[in-house]
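Please read the structure below before turning to the comments.
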Amino acid sequence: MLIPRPRSRADGTGSFTLDERTRVTADPAAEPVAQYLQQVLRASTRLPLLGAAGATDVPVIALRIAADPDDLPAGPGGDRSEAFRLEVTAAGVVVTGGGPAGVFYGVQTLLQLLPADVYRRGRVRTDGWTLPVTVVEDAPAFAWRGVMLDVARHFRTKAEVLRLVDQLAAHRINRLHFHLTEDQGWRIEITKYPRLTEVGSWRTESQVGAHVPDDDGTLRVAGKDGRPHGGSYTQDDVREIVAYAADRFVTVVPEIETPGHVRAALAAYPELGVHPDRQLDVWTEWGIAHDVLNAEERTVQFFRDVLDEVIALFPSEYVGIGGDECPKDQWEDDPRTQERIRELGLEDEEQLQAWIVGQLAAHVESHGRRAFGWDEILEGGTLSPSATVVSWRGLQGAVTAARRGHDVISTPDDQVYLDYRQSDLPNEPIPVSIVLTVDDVYAFDPVPAELTEAERAHVIGGQANMWTEHVDSVRRLDYQLFPRVVALSEALWSADVTGPRDVDDFRQRLEHHLARLDALGVEYRHGSGPRPWEERPGVPGRPQTRAERAAYIDAVTANIADGGPTP
Ligand code: ACM
């Protein structure tokens with residue numbers, strides 16, 4: 001019962017059982033994977049699983065890099081670095097990867113062939129570590145298989161992030177998009193600007209629940225908790241997270257929000273804002289703050305400096321510069337900003353937003369990296385083709401970006417926003433937006449149907465987004481993520497490569513997979529609905545129908561809906 005569904009599996013007869021004699025051997029490039037496998041297996045089996053040096057005639061788990069990767073199935077664009085073959089015979093196991101990542105994914109399949117207790121961190125059984133004789137061959141459908149975690153609305157500790165990395169790696173998610181800055185918090189130490197975390201990493205209290213409409217329809221904050229909330233990562237914490245994730249073939253992709261969603265930075269450095277005389281607090285409400293960056297050269301330079309430190313910490317090819325939901329009213333009303341628009345030879349506030357984004361994207365690229373931003377970066381029409389667009393307001397951004405020649409990461413809110421409610425049950429905790437079930441996520445296809453073959457090649461993959469306004473604990477995080485991330489895993493790894501999706505077959509395999517999540521200690525949402533302690537009685541959500549949501553998204557994407565080349 002493998003998840004994700006492999007390209008091929010051929011079972012034989014017989015089995016191989018791990019015991020005191022079993023050794024682990026690896027090609028040099030696969031040595032880190034051997035260490036990972038030994039660590040996982042030793043914890044749960046207490047078997048020695050020593051290296052094979054000097055040993056003859058012993059059963060071996062061999063981890064190899066393919067001499068000829070063409071023997072393995074082809075992944076996206078013909079890439080085989082993540083492809084593998086796992087062969088279990090009565091005599092031993094051979095995992096052959098197109099590269100170390102492929103070996104790692106072969107090892108994940110090996111673990112799934114063992115009893116679910118292999119995911120425990122201590123021994124609960126002394127025998128039964130038996131694998132069926134089989135050959136599994138596999139490769140992913142998409143190169144970018146991501147989950148975004150918002151650690152700004154609610155901070156998650158370093159230990160909790162490392163735990164999430166383990167969960168993602170077990171599901172072959174290979175990108176953790178780390179949403180580090182927001183109106184409500186700044187989470188990463190920047191040595192040049194210490195107030196970003198000294199001031200920006202905590203707020204005095206937090207809004208509880210969603211906004212609720214007044215009698216006249218005006219949305220208002222229902223309540224606040226009166227309790228400080230905060231936290232941040234030191235640069236060493238970041239290095240540790242990056243290294244731990246790299247050992248599990250997860251690339252941590254940082255994102256620094258600009259030119260909106262910056263109120264925590266403005267609380268720390270008011271001179272970055274349109275109204276430097278206003279002392280703002282780190283925002284204690286949810287939503288989109290109106291306080292945005294000013295467009296002075298020194299403000300752009302401040303964020304170049306921030307990006308320099310971020311780029312030094314994160315080896316990721318991609319670096320996020322935000323770009324979403326930037327209100328324009330402060331710019332419209334501010335004489336200096338209007339003067340700045342004229343100074344820069346721009347026409348309007350949309351072009352000003354595009355100019356700021358363009359400056360920071362160029363800076364990222366000057367370091368040999370690639371910039372990515374939310375689909376609003378298409379607005380203004382001046383985006384450099386080298387920027388990558390994250391399509392979140394449905395797939396309109398993906399269509400327009402691919403047609404304009406940008407690479408695309410798809411994360412359509414109506415398919416993979418994991419903050420959205422999981423059912424229409426009245427006791428769903430703080431239910432927001434539309435219902436997104438496990439089956440809905442299972443159906444996720446990052447490639448818009450209307451694209452041509454050439455345009456499709458721009459879609460490098462997809463990701464699910466975990467916004468955390470209402471996710472204030474790691475237990476609630478588990479509840480929102482799982483089992484929907486299991487469905488995401490299969491949607492991005494297997495997609496339709498092995499034939500049409502079969503949701504009934506997936507559900508059966510998922511049922512079996514839940515024992516693995518139990519062993520890992522993941523508090524996934526049960527199919528029957530929230531358990532009493534998962535409810536949030538009395539805390540308002542803001543559910544929407546699909547029609548309401550679609551009308552909103554159509555309205556806000558009208559200015560990028562041309563679908564044609566840059567105007
Ligand atoms: C977003 O959901 N504001 C990208």
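None of the values given here were measured: they were computed from a predicted structure. Remember, it's 1-based here, ligands and their atoms both numbered in the order they're listed.
Taking the centre of each ring, Tyr233 and Phe178 come in below the 6.0 Å mark.
Near Tyr417, meaning under 4.0 Å from one of its heavy atoms, ligand 1 places the atoms 1 (C), 2 (O), 4 (C). Of all the atoms in ligand 1, the ones that sit under 4.0 Å from a non-hydrogen atom of Glu325 are 3 (N). Proximity to Trp467 (heavy-atom distance under 4.0 Å) selects the following atoms of ligand 1: 1 (C), 2 (O), 4 (C).
For a threshold of 3.5 Å applied to N or O pairs, the pair formed by Asp324 and ligand 1 contains at least one separation below that value. On a distance-only criterion, His261 and ligand 1 share no N/O pair closer than 3.5 Å. Considering backbone and side-chain atoms alike, Trp374 places every N or O at 3.5 Å or more from each N or O of ligand 1.
Salt-bridge formation is not detected for the pair Arg393/Asp413: no Lys NZ or Arg NE/NH1/NH2 atom is positioned less than 4.0 Å from an Asp or Glu carboxylate oxygen.
For the pair Arg145 and Arg172, the tightest heavy-atom approach, listed with the atom from each and the gap, is NE-O, 2.8 Å.
With a 6.0 Å cutoff to the six-membered ring centre and a 45° limit on the axis angle, Arg304 does not count as a cation-pi contact of Phe302.
Looking only at atom types and distance, the side chain of His367 has a donor-acceptor partner in the side chain of Asp308 under 3.5 Å away.
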